[in-house]
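Structure in structure tokens, see below.
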Amino acid sequence: MIKQEKILITGANGQLGSVLAKRLQEKHGVNNVVATDIVADEDFVGNFEILDVLDFERLKSIVIQNEITQIYHLAAILSASGEKHPKRTWDINTKTFFNVLDVSVIQNVNKLFFPSSIAVYGANAPKINTPQSYELTPTTVYGISKVAGENWAKYYFDNYDLDIRSVRYPGVIGHQTLPGGGTTDYAVDIFYKAINETNFECFLSKNTTLPMIYMDDAIRATIELMDAPKKSISIRTSYNIAGMSFSPEELTYAIQKIYPNFKTLYKPDFRQKIASCWPSSIDDSVAKKDWNWNPLFGIDEMTKIMIEELKLKQQTKLQKT
Ligand code: SER
């Protein structure tokens, strides 16, 4: 008989965590998922524990009590927020990861998921179709912590046989929860302005093309990688995955197909420097070959769904008030 997996998610209130938690509940059963975050989420349906992942003893006791077999470690500080407190970001992003790595080894957790990012690349990497393997010279503390994390992931796999798997997420776009503190967040914020038919002020310049991915693709990539047979995983640092690539101007054009009067004004700030060092598009051929990765959403489908879903959410909220 196949043993029932027991899942722990850190950062479960976040943009990805909140959607992943629901998807994992559907897959493994509500009672087999323990969502955790540093603050409570009153609306969460299922098992929820308050957890600061810096607190190793509390993490360990949650893992023991719930007989956890898989961990998805999503708690982290993102690129733009991270630059405001570089050392604190380094401490939080790396110490929490070590706690998760160590608890996994000590408690025999079967599988661990670690999110990496396009932020691992620096300005020297080829911008178009950035290859899986290239010198990693990140310019943000977030990126530095992800490169270190990728290497520690491989170290724990090589030395402790910990089955840790990872993808480098592009900017994630979803309607469920707002992202917080990222450089790609504009591509979510813009839709809230579009549905209210107001102009959007963009903190990146109009031609800053970045790799992006629609939430459904990002979640499916995560689950498919975790489900892939161990022998097919050739990358133990982190896999490049691509969804779509566009600039703020191209996203504005896509929105104008639905709202012709919609306008974006460009006021680049400190985040422009971060974005300018990142790839414009990603070569994900290794993920395609190893575990059949295949993105399904392009800019127009994504734009249509984002607008429909956010409008629906707004109407439902209005009806409740
Ligand atoms: N979306 C992230 C950020 O902008 C990159 O992984 O920080």
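Just the heavy atoms: all of them, side chains too, but no hydrogens, waters or symmetry mates, feed the values below. Position 1 is the first residue of the sequence, and the numbers go up from there. First listed ligand is number 1; within each ligand, the first listed atom is number 1.
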Practice task
Check each atom of ligand 1 against the heavy atoms of Thr183 and keep those under 4.0 Å away; list them by number with element.
Solution key: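 Heavy-atom distances to Thr183 below 4.0 Å select 3 (C), 4 (O), 7 (O).
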
Practice task
For ligand 1, find out whether one of its N or O atoms is nearer than 3.5 Å to an N or O atom of Ser79.
Solution key: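 Among all N and O atoms of Ser79, at least one is under 3.5 Å from an N or O of ligand 1.
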
Exercise for the section: Scan Ile71, Asn47, Thr69 and name whichever one has a side-chain contact (heavy atoms from CB on, under 4.5 Å) with Leu8. Expected result: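 Exactly one option meets the side-chain contact (heavy atoms from CB on, under 4.5 Å) with Leu8, and it is Ile71.
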
Exercise for the section: Enumerate the atoms of ligand 1 whose separation from the nearest heavy atom of Leu78 is less than 4.0 angstrom. Expected result: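 Selected atoms, number and element: 7 (O).
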
Handout entry: Closest heavy-atom pair and its distance - Ser79, Trp278
Key =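 For Ser79 versus Trp278, the nearest heavy atoms are OG-CH2, 3.5 Å.
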
Problem - For Ser117, atoms of ligand 1 separated by under 4.0 Å from a heavy atom - result: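 With Ser117 as reference, the close atoms of ligand 1 come out as 5 (C), 6 (O).
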
Handout entry: Donor-acceptor pair, side chain of Arg165 and main chain of Phe114, under 3.5 angstrom
Key =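 Checked: no pair found.
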
Problem - Polar proximity ligand 1 side, Thr184 side, N/O cut 3.5 Å exclusive - result: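 Indeed, backbone or side chain, Thr184 has an N or O that close.
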
Handout entry: Which segment of Trp278 sits under 4.0 Å of ligand 1 when only heavy atoms are counted
Key =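 Under 4.0 Å from ligand 1, Trp278 contributes side-chain atoms alone.
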
Problem - Residues, nucleotides or ligands: over 12 heavy atoms within 6.0 Å of Lys313 NZ - result: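 More than 12 within 6.0 Å, yes.
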
Handout entry: Any side-chain donor near an acceptor of the partner, Arg271 and Tyr186, under 3.5 Å
Key =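 No, because no side-chain N or O of Arg271 sits under 3.5 Å from a partner of the opposite role on Tyr186.
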
